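Single-structure report; data block below.
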Amino acid sequence: MTLYPHAADELFTIRDWVRFAVSRFEESGIFFGHGTDNSYDEAVWLVLRALHLPMDTLDNFQNAVLTPKERQHLAFLIEQRITKRVPTAYLLREAWLQGFKFYVDERVIVPRSFIAELLPEGLAPWIEFPEMVENAADICTGSGCLGVLLADAYPNTQVDVVDISPDAIAVCNINIASYGLENRVSAIQSDMFSALKGKQYDLIISNPPYVDAPSMAQLPQEYRQEPQLALGSGEAGLDHTHTLLHQAADYLNDGGILVVEIGHNRDALLGAYPDVPFVWLEVSSGDEFVFLLTKHDLDQIR
């Protein structure tokens, strides 16, 4: 028996379904963080996109009456969101980042990265002209979303998107093709830098796994739907970051830069590398989440 057996027979308009979804989300205590941070935005996203309507058309269609098939579909999605805690991005097979839509499914984590906010203006002091970036890499790319954003921000660059997971590489190729970037963005299966021998880049970015062991043990159920390989990074959450710090210089051109997102691990990172001159970049949530180092800085670590 379904959780809401009569919903499809009693709710008829988009207004009805948005109201119903908000109420059920509030009642159930689901966890947000895969594209929205509240029940209303989550409900609007789920209802409109499940009906293949643009996100900015709610006012136009509030009183539109849905077909029986559409109502049954919405009832099913809302039930899955609540009873199984499936992120809406997986239910809809889409996620949004900086206005770009990406295909996602359970093979990759749902895109969310402060680095997206920094391309290209946030890196302007270190990259004087976007046209000068000819080669870039996104390490631990997941869905390939940041690689697509790199290609958009730096029009002359060839981009390598790199991930250890063959499933992630398959999703990358879907997103690369959807933006017609097959000639500019290449998906490479590799454990960090292991398959990149001989390659040199002007810019390397990475939003690697960075959840520490205590936090992994307390993740909400929604995050447990994601590939755990893409989340955890050792006891302190820094295993992948250590690799980046010790190996990235070998793959950067003179004057090249490394940009890495580390979640809430700033204090642990500074404790491990007290003499490294990290530059902390300002993003919407502050200046504690993304650092930048030049090739010269990285050369001093080894």
Side-chain angles (χ1 to χ4, degrees), residues 96-102 111-163 172-173 175-188 190 192-193 195-208 241 244-262 276-302:
W96 295 80
L97 199 60
Q98 294 297 106
F100 286 69
K101 185 178 78 169
F102 298 100
R112 48 188 183 274
S113 176
F114 292 123
I115 293 176
E117 303 174 16
L118 297 168
L119 304 175
E121 286 83 3
L123 304 183
W126 297 271
I127 299 175
E128 187 174 3
F129 301 107
E131 296 79 8
M132 295 179 65
V133 178
E134 297 182 351
N135 293 281
D138 175 24
I139 310 296
C140 304
T141 189
S143 62
C145 57
L146 290 179
V148 170
L149 295 181
L150 278 172
D152 179 72
Y154 302 103
N156 292 337
T157 192
Q158 294 289 318
V159 180
D160 288 337
V161 293
V162 180
D163 203 282
C172 284
N173 282 322
N175 286 314
I176 290 167
S178 72
Y179 283 99
L181 291 169
E182 295 93 333
N183 293 329
R184 294 187 54 211
V185 182
S186 300
I188 301 173
S190 176
M192 304 293 282
F193 295 102
L196 304 182
K197 302 303 182 186
K199 288 183 172 286
Q200 297 292 124
Y201 303 101
D202 302 310
L203 170 62
I204 296 174
I205 65 170
S206 184
N207 180 24
T241 302
L244 289 162
L245 290 174
H246 287 281
Q247 296 184 20
D250 292 334
Y251 300 89
L252 283 171
N253 292 319
D254 291 340
I257 60 173
L258 170 71
V259 177
V260 180
E261 185 167 336
I262 60 159
V276 173
F278 295 102
V279 175
W280 295 95
L281 302 178
E282 185 77 31
V283 296
S284 56
S285 292
D287 64 354
E288 300 180 352
F289 305 101
V290 180
F291 71 76
L292 178 150
L293 289 171
T294 66
K295 175 179 170 60
H296 175 76
D297 296 330
L298 291 163
D299 280 331
Q300 310 311 306
I301 296 176
R302 298 178 300 174

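For clarity, every value in this text was computed on a predicted model and none was experimentally measured.
Across every non-hydrogen atom of Ile301 and Leu245, the tightest pair is CD1-O, 4.0 Å. Shortest non-hydrogen contact noted between Thr157 and Ala151 is CG2-CA, 4.3 Å. In terms of heavy atoms, Asp138 sits closest to Gly147 at OD2-N, 3.7 Å. When all heavy atoms of Leu97 and Cys145 are compared, the closest pair comes out as CD2-SG, 3.8 Å. Of all heavy-atom pairs spanning Leu149 and Ala116, the tightest one is CD1-CB, 3.5 Å. The two residues Leu244 and Pro208 have their closest heavy-atom pair at CD1-CG, 4.0 Å.
With values rounded to the nearest 0.5 angstrom, Ile257 atom CD1 is found 10.5 Å from Leu298 atom CG. Rounded to the nearest 0.5 angstrom, Glu182 CD and Asn173 CG are separated by 8.5 Å. Annotation: the span from Gln98 atom CD to Ile115 atom CD1 amounts to 12.0 Å, rounded to 0.5 Å. With values rounded to the nearest 0.5 angstrom, Asp163 atom CG is found 9.5 Å from Ser143 atom OG. Within the model, atoms NZ of Lys199 and CD1 of Ile188 stand 4.5 Å from one another, a figure rounded to the nearest 0.5 Å. The CG atom of Asp297 lies 8.0 Å from the CG atom of Leu292; values are rounded to the nearest 0.5 Å.
Partners of Ser113 by side chain to side chain donor-acceptor pair (under 3.5 Å), not counting sequence neighbours, listed by chain and number: Glu261. Tyr201 pairs by the side chain to side chain donor-acceptor pair (under 3.5 Å) definition with Asp160, not counting sequence neighbours.
The shortest side-chain heavy-atom distance between Ile204 and Leu252 falls under the 4.5 Å cut-off. Counting heavy atoms from C-beta on, the side chains of Leu119 and Tyr154 come closer than 4.5 Å. Using a 4.5 Å cut-off on side-chain heavy atoms (C-beta onward), Val161 and Ile176 make contact.
Within the 3.5 Å criterion, the main-chain N or O of Ile139 finds a donor-acceptor partner in the side chain of Ser206. No donor-acceptor distance shorter than 3.5 angstrom exists from the side chain of Asn156 to the backbone of Glu134, with no hydrogens or angles considered. No side-chain donor-acceptor contact under 3.5 Å links Asn135 to the backbone of Asp202. Judged by distance alone, with hydrogens and angles left aside, the side-chain atoms of Lys295 form a donor-acceptor pair with the main-chain N or O of Ala249 at under 3.5 Å.
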Leu281/Phe289 under side chain to side chain contact (heavy atoms under 4.5 Å, CB included): CA gap, chis, key distance, verdict
CA-CA 8 Å; Leu281 302 178; Phe289 305 101; over 6 Å; no
Evaluation steps, side chain to side chain contact (heavy atoms under 4.5 Å, CB included), between Phe291 and Val276
CA-CA 11 Å; Phe291 71 76; Val276 173; over 6 Å; no
Determine, step by step, whether Leu150 and Leu203 satisfy the side chain to side chain contact (heavy atoms under 4.5 Å, CB included) criterion, reporting the C-alpha distance in whole Å, the side-chain angles of both residues, the deciding distance to 0.1 Å, and the verdict.
CA-CA 10 Å; Leu150 278 172; Leu203 170 62; 3.7 Å; yes
Verify side chain to side chain contact (heavy atoms under 4.5 Å, CB included) between Val162 and Thr141, making sure each step is shown before the conclusion.
CA-CA 6 Å; Val162 180; Thr141 189; 5.6 Å; no
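Ring planes of Phe102 and Phe100: parallel class, angle under 30° (limits at 30 and 60°).
The list of side-chain hydrogen bond (donor to acceptor under 3.5 Å, both in side chains) pairs with a residue in residues 117-133, not counting sequence neighbours, reads Glu117-Ser284.
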